[in-house]
Every structure is written in C-alpha cells, then in structure tokens.
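Accompanying notes for the structure given below.
Side chains are part of it too, since the values below use all heavy atoms of this structure and drop only hydrogens, waters and symmetry mates. Proteins come first, then strands; the chains are lettered A, B, ... in the order of their sequence lines, and each starts at number 1. Keep in mind it's a predicted model, so treat the numbers as computed, not measured.
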Amino acid sequence: MTTIRLRNTKTRKVEEFVPIDRENVRMYVCGPTVYDRAHLGNARPVIVFDVLYRLLRHVYGAEHVTYVRNFTDVDDKINAEALRRQQAGAPGTIEELIHQRTEETIAWYHADMDALGALRPNHEPRATDYIGQMIGMIEGLIASGHAYARDGHVLFRVRSYKGYGRLSGRSVDDMIAGARVEVAPFKEDPMDFVLWKPSDADLPGWDSPWGRGRPGWHIECSAMSHELLGESFDIHGGGIDLQFPHHENEIAQSACAHPHGDFAKVWMHNEMLMVEGKKMSKSLGNFFTVRDLLDGNWSGGWKVPGEVIRFVFLSTHYSKPMDWTEEKARQAEATLRKWRTMTFRSKPDVSPPIEVVSALSDDMNTHAALTALHRFSRLGNGGALLAGAKLLGLLTPELSDWFRFGEKSVAEDPRIDAIQDIRVMARKRGNYAISDQMRSDLLDAGVAVFDYKDSSTGYFEPDFLARWLVSKAWAAFKAGDREKAQKYVDLAREAGVSVHLEDDGVSAVTGHDEQAAFAYFEKYISLIHERACKILQKGYLK
RNA sequence: GGCGGGUUGGCGGAGAGGUUACGCAGCGGAUUGCAAAUCCGUGAAGACCGGUUCGAUUCCGGUACCCGCCUCCA
C-alpha cells in the first residue's frame with residue numbers, strides 16, 4: 001500500500017498520512033464565497049486539492065473518500081450586489097435577488113472549475129442550508145461558557161480556548177499589541193470574534209434565540225464539517241491566507257463545541273498566486289477571472305485552454321507562491337500539444353506508473369510527477385504517460401476540446417495536394433528553387449509542410465499559421481531587418497493575430513481570430529495554386 | 001512591530017551533504033538536396049558573509065533583498 005506523506009500546517013512537518021478510517025477518508029476544503037466569478041487565485045486550491053482527491057481515491061478506492069467543499073452564500077458582498085440590483089430596478093425581494101445571485105454564481109463556478117478538469121466534490125453544502133446547525137452549535141458554546149450574547153451579537157470568548165493561535169503560530173497578546181483589531185463596545189476582549197450578528201430589515205436574516213440575524217463567517221465551516229464529516233476528520237485544506245483568522249477561529253469553535261473530537265488531523269494550505277511577479281489585484285490591472293482566461297478576455301488575448309491552466313498550476317509545488325505568466329502558459333501548451341499528439345492512438349495503462357504515484361505521495365510533488373511524464377514521453381511510452389497524466393487530471397478526454405488533430409480543424413484542401421504534387425515533381429527533377437519557393441509560400445499561407453524523401457505532406461492549421469508568422473517576424477527583428485519584420489507583422493494581423501512591432505521586439509502575440517485565419521488562407525492558397533498551375537502548364541519544370 | 005514563505009544555470013523549476021534533475025531556449029550531431037519535424041548529445045547555477053564537515057547549493061548562524069498574512073480575501 002502506498003504511503004502518503006503530507007505537510008501538516010499544525011505541526012509544520014511532513015508526516016505520514018494515516019486515515020482515521022481507511023474505509024472513509026474525509027477531506028474538507030474551504031470553498032468560494034459566491035458573489036462573483038471565480039478569479040484565477042480561487043482556482044489554485046481547487047486544482048491542488050483535486051489532485052489530492054484523485055490520489056486518495058487511487059490509494060483508498062474511489063468509494064472510500066469523502067470530499068466536502070462548501071459554498072459561502074451568506075456574505076456582505078452578496079448582499080451588496082443584491083441590493084444594487086434591487087436599486088437598479090430588478091424585481092423581487094432582497095432574499096429572492098440574493099438567491100438568484102448565488103444560484104448563477106454557483107453555476108458559473110461549476111462551469112469554470114469543470115473546465116479546469118476538477119472533479120466535483122461529494123458534497124457541496126451551502127451555508128444557508130445549515131443555519132439550524134450553526135445556531136445549535138452557538139447555543140452549545142454559550143452554555144459551556146465559550147461564547148456570550150450581547151446586543152443581538154454572539155461572540156466567541158477567545159481567552160476561553162487556550163489553544164488559540166497554535167495553528168498560525170501567534171499568541172493572543174502579541175496580536176493585540178500591534179494589531180488592528182476591531183474594537184467594539186459589545187466585545188469583552190478585542191480579539192473576540194462574531195458568531196452571530198443582527199440583521200436589519202434590508203439584510204437577509206434568520207430567527208434565532210438572539211433575534212433575527214445571520215451567522216458570522218467562521219461558524220459555517222465548523223457546522224458543516226461536523227454535520228457531514230463528524231467530530232474528527234482527516235484533512236482540512238484551503239489557501240494560506242485563511243490560516244488566520246478563519247482556520248484559527250474554526251478550530252477554536254469546533255474544539256470547544258466538540259471537546260472529544262480532534263477536528264481536522266491534518267491542515268494543508270496552498271500558497272498564493274501571483275501574476276507576472278505581483279499580487280493579483282484590481283488596482284494593478286492584473287486581475288482576471290478563470291473565465292477571462294478561458295475566453296481570451298485578458299491582456300494576453302489568447303483563449304487559454306483549461307488544461308493549460310491546470311498544467312501551469314501543477315508545475316509549481318502547492319506550498320510555494322506561484323507566478324502566472326503568459327510564457328509559462330505557452331510552454332505548457334506546447335508540452336500538452338506534444339503529449340496529446342504522441343498519445344493520440346495510445347491506450348492508458350491500467351494503473352498509473354509508480355513514479356507518478358510516489359511523486360504525488362511525497363507531499364503532492366506535482367512537479368516531480370510532471371518530470372516523470374516527460375520521461376515517459378521521451379521513452380515513447382504512451383500508455384504510462386496517459387495513465388500518469390490521468391492521475392493528475394491531464395490528457396483526459398474531458399479536457400481535449402482545445403486540441404485539434406487530423407480531420408477536425410485541420411483543413412485538407414485539394415489545392416494543397418495539387419501544389420504538393422507539383423513540388424514533388426519539381427524536386428524529382430532537381431528544380432529545387434521552384435520547389436523551395438512554393439514551400440516558403442505555403443508556409444506563409446499557414447500550411448505546415450513536411451518533406452520526405454520521395455513525397456510531401458501539408459495541411460492548413462490556424463494555430464500553426466499564427467505561430468509561423470510571428471516566429472518569422474521575430475527572426476527578422478533579431479536579424480535587424482525591421483522592414484521584413486514589419487511585413488510579417490502585417491501578414492499576421494491580416495491573419496487575425498493581434499501583434500505589434502515595438503522597439504524591443506514583437507509584442508506578445510497570442511490568441512487569433514480563426515475566421516480571419518481561414519480567410520487569409522483562402523486568399524493566399526488560391527494565388528499559390530494559380531501560380532503553380534501556370535508553372536506546370538508553361539512547362540517550366542524541366 | 002509580530003508570524004510565515006522565498007532568493008538555484010538565458011528562462012521556468014525540483015530533489016539530494018559528495019554522483020546527470022527535468023522542461024523550454026542555445027549549441028553540436030544524425031537524418032534531409034535544403035528547410036521543417038524527429039532523434040541523439042552537450043555547455044551553463046545555487047543572493048551575500050561566517051560556521052559545522054574530509055567535503056555544502058543542500059545543515060547551522062547572521063546580512064541583504066523580494067513576497068504574503070496580521071482587516072474581506074484562495
């Protein structure tokens with residue numbers, strides 16, 4: 001049996017993972033607050049814990065793993081959005097508008113995360129469906145002296161739990177010292193945090209022993225994990241930014257409400273995502289959602305396949321900050337294209353290769369797993385490559401949409417064949433100048449040309465066209481031929497690629513308009529075809 | 001101020017106290033009339049200063065710089 005080792009934030013050590021019950025391995029991951037599209041940073045824990053989920057399923061059996069990821073659907077940002085809609089004239093009560101908003105956001109989330117190849121968890125509880133459990137838990141905390149009610153609020157008495165701060169390595173006194181903690185008249189201690197707060201008429205609320213109100217942020221995860229996974233479960237995951245205060249507060253609540261349970265045995269935190277070396281933020285203009293990337297609605301302009309996003313994420317260990325760059329995405333795409341091409345007719349091995357399983361078992365070393373896949377690729381072992389990739393959620397049929405091979409989007413055009421026939425004739429007779437000129441024209445038209453000893457093949461592919469023209473422009477620029485570089489830039493623009501020639505080179509070129517590419521191809525292929533036929537008719541081939 | 005992460009070759013990015021990371025790019029070669037593609041091979045590193053050691057990029061201490069959290073945040 002494979003031994004999985006995981007870094008536990010609680011102990012700061014990599015430990016052997018021993019499930020509480022190997023018949024039912026339980027994992028809880030903090031999910032999104034559903035007020036808007038998921039941004040790229042939201043995708044990191046989804047992908048990281050999806051790989052862990054797949055690994056656990058592989059080791060313990062798919063039916064022996066329970067994965068819970070919540071939706072936070074009660075939150076001030078949701079309320080604000082619903083209120084904004086109401087004020088903009090949308091019909092319905094505020095509750096209905098909130099419901100509408102969360103419903104559509106959850107649907108987006110599912111669509112976007114599906115596109116990244118993430119499996120759906122076994123349970124995706126919504127906070128609003130567990131209000132009763134939260135109230136029950138809060139009542140218990142009051143009864144045992146760990147919480148108190150004041151002015152319609154209920155607060156957790158942080159000083160009553162001596163383990164507070166252990167997860168994040170802080171002491172309560174240090175935190176108060178230099179910290180910006182919200183001081184409120186109803187707090188006994190500035191560190192105390194809200195379990196329940198009152199709602200006025202234009203906010204969603206539920207009846208409770210403390211009046212109409214809504215839960216604080218942290219209590220939902222404690223209530224839902226307890227309900228679905230029990231007092232003790234195996235793994236609790238989330239972003240490192242949740243370590244404090246969210247997870248610290250969760251532990252305090254759960255430990256005090258269920259003193260006989262261990263709550264989560266292993267805490268795992270993924271590091272943050274950066275964009276081109278900086279934190280993603282709206283003010284820096286480097287903020288984008290997963291959907292923006294998928295749809296090409298970002299600075300790169302390229303429709304990034306979900307599989308490419310996934311690959312980029314897996315190439316950095318989850319415990320390190322990960323920098324999203326277009327360069328990485330391009331490399332990932334090239335690698336995936338190569339792997340998909342070489343495994344086009346392969347069948348995956350029955351079980352994943354040991355190299356990949358042991359890499360993942362070593363604290364989820366996804367990068368090492370990818371290195372193993374590179375090796376299988378080099379060795380030409382398509383079966384192992386596919387089976388290993390599957391464990392990472394890569395090279396799966398679900399994520400294959402972007403990859404076109406053979407008949408699907410590659411244009412096989414009778415004119416290409418005709419030109420190639422003439423070229424082969426020319427080559428046989430030693431008319432290399434003619435043959436090579438035609439080849440160069442074909443390449444410029446977006447036809448990938450492959451010459452063999454006595455034959456030649458070629459096909460039109462929009463993506464090839466874009467890459468070819470841009471690489472020609474770069475080559476000319478590097479050779480100091482600005483005029484030629486400009487010519488290729490102009491051609492690329494005509495072919496639907498957004499590209500500019502700047503002082504420091506050819507600007508980032510990515511997405512392209514396929515319709516423009518086909519129109520471009522149509523225009524040039526007919527010219528080349530005409531010219532080729534003329535050469536043949538006039539007997540220039542000797 | 002407190003807590004945490006990081007600094008590796010042109011770029012990305014791992015592991016290991018002494019032996020090739022790997023990928024991309026580069027270079028060389030095979031193949032080809034020439035390209036492309038493919039295959040084979042290959043140079044190049046460990047922020048800085050000390051210490052431990054026969055030997056450290058890998059362990060320990062310090063310095064510098066970068067980043068995150070401490071307020072909603074994955």
Practice prompt. List in numerical order all residues of residues 47-56 of chain A for which some heavy atom is under 4.0 Å away from an atom belonging to RNA chain B.
Written response: none
Worksheet item: How close do A/P352 and A/A387 get, heavy atom to heavy atom, and via which atoms?
Response: CB-O, 3.8 Å
Discussion item. For a quick check, tell me whether the side chain of A/D436 and the base of B/G33 share a donor-acceptor pair closer than 3.5 Å.
Written reply: yes
Practice prompt. Determine whether the aromatic ring centres of A/H367 and A/H317 lie less than 6.0 Å apart.
Written response: no
Worksheet item: Considering only side-chain heavy atoms of A/D241, which listed nucleotide, B/G15, B/G33, B/C69, is closest?
Response: B/C69
Worksheet item: Can the ring centres of A/H153 and A/W196 be said to be less than 6.0 Å apart?
Response: no
Item to complete: For RNA chain B, list all stems, counting runs of three or more consecutive pairs where every pair is Watson-Crick or G-U wobble with both distances under 3.5 Å.
Response: B:1-7 with B:64-70, B:10-12 with B:22-24, B:26-30 with B:38-42, B:47-51 with B:59-63
Worksheet entry | A/R378 vs B/G23: side-chain N/O to OP1/OP2 distance below 4.0 Å | yes
Practice prompt. Report the residue (A/M322 or A/Y452) whose heavy-atom-nearest nucleotide on RNA chain B is the more 5′ of the two.
Written response: A/M322
Worksheet item: So, is A/K453 close to the B/G33 phosphate, meaning a side-chain N or O under 4.0 Å from OP1 or OP2?
Response: yes
Worksheet, complete the sentence: Regarding the side chain of A/S435, the nearest nucleotide among B/G33, B/C70, B/A14 is B/G33
Item to complete: Using the aromatic ring of A/Y432 (for Trp, its six-membered ring), decide whether it stacks on the base of B/G33 within the limits of 5.5 Å and 30°.
Response: yes
Worksheet item: So A/Y67 and A/Y53, would you call those rings parallel, tilted or perpendicular, with 30° and 60° as cut-offs?
Response: tilted
Worksheet item: Taking the side chain of A/K77 as heavy atoms from C-beta outward, which of B/A35, B/G12, B/C72 is closest to it?
Response: B/C72
Worksheet item: Out of B/G33, B/C67, B/U7, which nucleotide sits closest to the side chain of A/M274?
Response: B/C67
Worksheet item: So, A/H123 versus A/Y28, ring centres under 6.0 angstrom or not?
Response: no
Discussion item. I want to check one thing: is the phosphate of B/U38, taken as OP1 and OP2, less than 4.0 Å away from some side-chain N or O of A/K338?
Written reply: no
Worksheet entry | Donor-acceptor pair under 3.5 Å, A/R439 side chain vs B/C34 base | yes
Discussion item. Please tell me whether A/T289 and A/H39 have a donor and an acceptor in their side chains that are separated by less than 3.5 angstrom.
Written reply: no
Worksheet item: Where each residue is assigned the nucleotide of RNA chain B containing its nearest heavy atom, which of A/L273 and A/S319 is assigned the position nearer the 5′ end?
Response: A/S319
Worksheet item: Between A/F263 and A/F233, is the ring centre distance below 6.0 Å?
Response: yes
Discussion item. Would you say that A/L394 contacts A/L314 through its side chain, given a criterion of any heavy-atom pair below 4.5 Å between the two side chains?
Written reply: yes
Worksheet, complete the sentence: Closest to the side chain of A/R12, out of B/G4, B/C22, B/A14, is B/G4
Fill in: Near-ring test A/H218/A/H247, centroid separation under 6.0 angstrom
no
